[in-house]
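A quick write-up on the structure given underneath.
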Amino acid sequence: MAEDWREQLAKFGGVALPKEKPAQKNFSYSKGKKNPPPKKNAPVKHFAPKISTEIATAPYNFVSLPEKILPSEIETVDDFKDHIKKFGKISGEIELEIENWTPLFFGGNGKKSFAPVDKFIISGSSLRGMFKNIFKIVTCGAFRGGTKSQGKGEDFNDEHIYFRCLMAPSGAPKWMEDLCNTYKARMEGEKGKNARPGFLIQTTDNKYFIAPLKPNIERKNDFIMIKDFQEVFGPVRFIDSRVKWYGEIAYIVTGNQWADTQRKPDNYKNLLTREKYEEYRASLKGLTAEEIAKKNAELNYGKQIIRFLSLADIDWSEKHRIELPDEVLKSYEHDRNRRGVNLFTDRGILKREQLEKLCGNSLPDDVKSLIPCHFLYEGGQVTAFGHGQCFRIPYKNSIGDIVPENLQSEKIIDFADAVFGSKENWASRVCFEDAVPISTVETMETAAAHPLMQPNPTSYQLYLKQGGAILNHWEKDSVKLRGYKLYWHNKNWNWKANDAERNLDVGKPPEKRMTKDLTPLKKGNRFKSKIRFQNLSEIELGALMMIFNLNGAKNPAYKIGMGKSLGFGSIKVTPKLFIESETAYTEIFDSNGFKNPYKEVDAEKYLDAFKKYIKSQGMFEAWEKILEELNLMLDWDNVDKKDWSKKIEPMLGEYIRGRLELSEKFKQRLILPNIFEVVK
């Protein structure tokens, strides 16, 4: 018979417990429409794989990366000055007239779009960022991230994506089975001991280590039943996972079963005592995984236990400490999709003063703080760590690992380096002025907008190239990134938050709200700006003008500002090219006063020079295919196509209990069609 849970608490110095269990607490629930009482004998909903005839949709798509970098005319850093002397003869400006064809919003102070001294503008830095991204595409530029000179990376942040996939139900799709097997293989390893419990320690010199448990610690009884936990300590008042200390014992609280017992009293009946749990576990012996899943579905038991660790079990030896690599620490901090416990900020961290009271002389002098954790030990080092037993782990491949090495090269000077500047070597030869209004700027009414979702490369069915029944994910070898992410134009998207989204924010402070009040600029406002350039060659100027020509695009528009996924930010840009005369400064005045040093010219000569250069590098055919994709992506005429808004809508679902339940299309990880398939 397993040791009684009361004896466990007493043994480890836990809270004094009553000898008899008190009567069950009375639970209540809201009788309103939002949280109706559960229906008796209601069927339990479980994962039911479906074969969908629909396709994935998204407000964005991807323009392919080049097979190799198109090198600029500058072969080495040392060649820069000679290049300017020989070929950098052209200076001038490009006048831009801009009209926003959909609402426009730039982050400002609060609800209003960016407007220094109460004058709405499009900042030069925003224009520079937008046009540089297009420039890199039209010049087959490098695609770098996390490099020494680039820091975080100009094109992507080279970080690891995290995942967790606990169990593939019977009949689950192949991709889920494959992902579950990947997770299981990593967590178990060859000997089934890769994932282990321990304690995350911060030392007085602010370094982090894992202190493992003492050898041969018996962990069969290191849990308490949720039913016992609640009946002794009362209904738990929190929902989120966390570490909860009682004396020397740290409870690793995961899931929200106890919260459901307060909202739905019938769920309390499904919580087991220790004795019933042992009987239930014994009844599973000899059953297949499918039979166990079927039985669990019938019983609807769900989560039953809360595991715990004790300070008495720590191996305090400094020799046995396991150092946390900096890369693993940074990767954990950058896990943007983690919704549970952050071990660096959780309230369950014990400070030294508390530890001294509990541990006495056994506490090493350099221990500053401590919190229980679980960690993944692979290849002789910690590769991941987390809160509960089934914590999120990083895919082995980072984003940079799947970007071809030749596209990340810093040895090749691409056109973006040459024209927009190479941080460590030379300054930019282009300057973007703020776009100021040339008409009265009109704004829309202030309203709460849909939550602005962040890029989410965890959705590998959207971000990675696919092919076959089993989806490529970040762990796979030879997987490829789709390319540059750009947003579709959409003139009919409703950007305002719905009732469910607004209700989620009631009573919350501004910094915790999911929605944000915006006052966008109405469509139809007009602005003017300039791009000034100095000492460009004919080929470089042709490359710069290609961001407007796009190899003969008929009706392109660009995307700028915030809310691109909501349909914001589509702008039409009309350029005029002016070249500085070679005799500009030989005569300062003419009959009209100061002589205008610039004359308007046609860009065709320079565009042809750039195309000729691409052909000389043997990349013209590949370049044309990339420009075809870019043209389709930027084509404003798409907005008038039949059912266009449905083709590019986000795969959102309903908001239930404060969380977004994604649509069935997203849950099934349907593959995102390519640009050609969307516009056909």
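Residues take their numbers from the sequence shown, with the count starting at 1. Side-chain atoms are counted along with the backbone in the values below, which use heavy atoms only and exclude waters and symmetry mates. Quick caveat: nothing in here was measured; it's all calculated off a predicted structure.
- Of all non-hydrogen atoms in Leu166 and Cys180, the two that sit nearest each other are C-SG, 4.3 Å.
- Residues Arg144 and Asp417 are paired through a salt bridge, judged by an N-O separation under 4.0 Å between the basic side chain and the carboxylate.
- Closest non-hydrogen pair, Glu629 versus Ser64, comes out as OE1-N, 2.8 Å.
- The environment of Glu333 atom CD is dense: over 12 non-hydrogen atoms of other residues, nucleotides or ligands sit within 6.0 angstrom.
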Carefully, step by step, assess Ile402 and Lys480 under the rule side-chain contact (heavy atoms from CB on, under 4.5 Å).
CA-CA 6 Å; Ile402 69 165; Lys480 294 183 179 180; over 6 Å; no
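- Counted within 6.0 Å of NZ on Lys611, heavy atoms from surrounding residues, nucleotides or ligands total more than 12; the atom is thus considered enclosed.
- His473 and Tyr460 have perpendicular rings, their planes meeting at more than 60° on a 0 to 90° scale where under 30° would count as parallel.
- Among all heavy-atom pairs drawn from Gln466 and Gln461, the shortest one is NE2-CA, 3.7 Å.
- Within 6.0 Å of NZ on Lys476 lie more than 12 heavy atoms contributed by other residues, nucleotides or ligands.
- Closest approach of Leu407 to Pro66, counting heavy atoms only: CD1-O, 3.3 Å.
- Nearest approach of Ala56 to Leu670, heavy atoms of both residues: CB-O, 3.3 Å.
- Atom NZ of Lys572 has more than 12 neighbouring heavy atoms from other residues, nucleotides or ligands inside a 6.0 Å radius.
- Under the side-chain contact (heavy atoms from CB on, under 4.5 Å) rule, Trp488 has a single partner from Met633, Lys647, Lys559, Lys564, which is Met633.
- The one candidate from Tyr484, Phe676, Tyr463 that meets the ring pair (Phe, Tyr, Trp, His ring centres under 6.0 Å) condition with Phe62 is Tyr463.
- For Lys330 and Glu159, the salt-bridge test fails: no basic side-chain N is under 4.0 Å from an acidic carboxylate O.
- Between Lys491 and Asp640 a salt bridge is recorded (basic side-chain N to carboxylate O distance below 4.0 Å).
- For Lys554 and Asp635, the salt-bridge test fails: no basic side-chain N is under 4.0 Å from an acidic carboxylate O.
- Side-chain contact between Met444 and Leu521 is absent, with no heavy atoms from C-beta onward closer than 4.5 Å.
- Under a cutoff of 6.0 Å and an axis angle of 45°, Arg338 and Tyr332 form a cation-pi pair.
- In this structure, Val138 and Ala543 approach most closely via the heavy-atom pair CG2-O, 4.3 Å.
- Ionic pairing of Glu67 and Lys625 is not present here: no N-O contact between side-chain nitrogen and carboxylate oxygen is shorter than 4.0 angstrom.
- No side-chain donor from either of Asp517 and Thr446 sits under 3.5 Å from a side-chain acceptor of the other.
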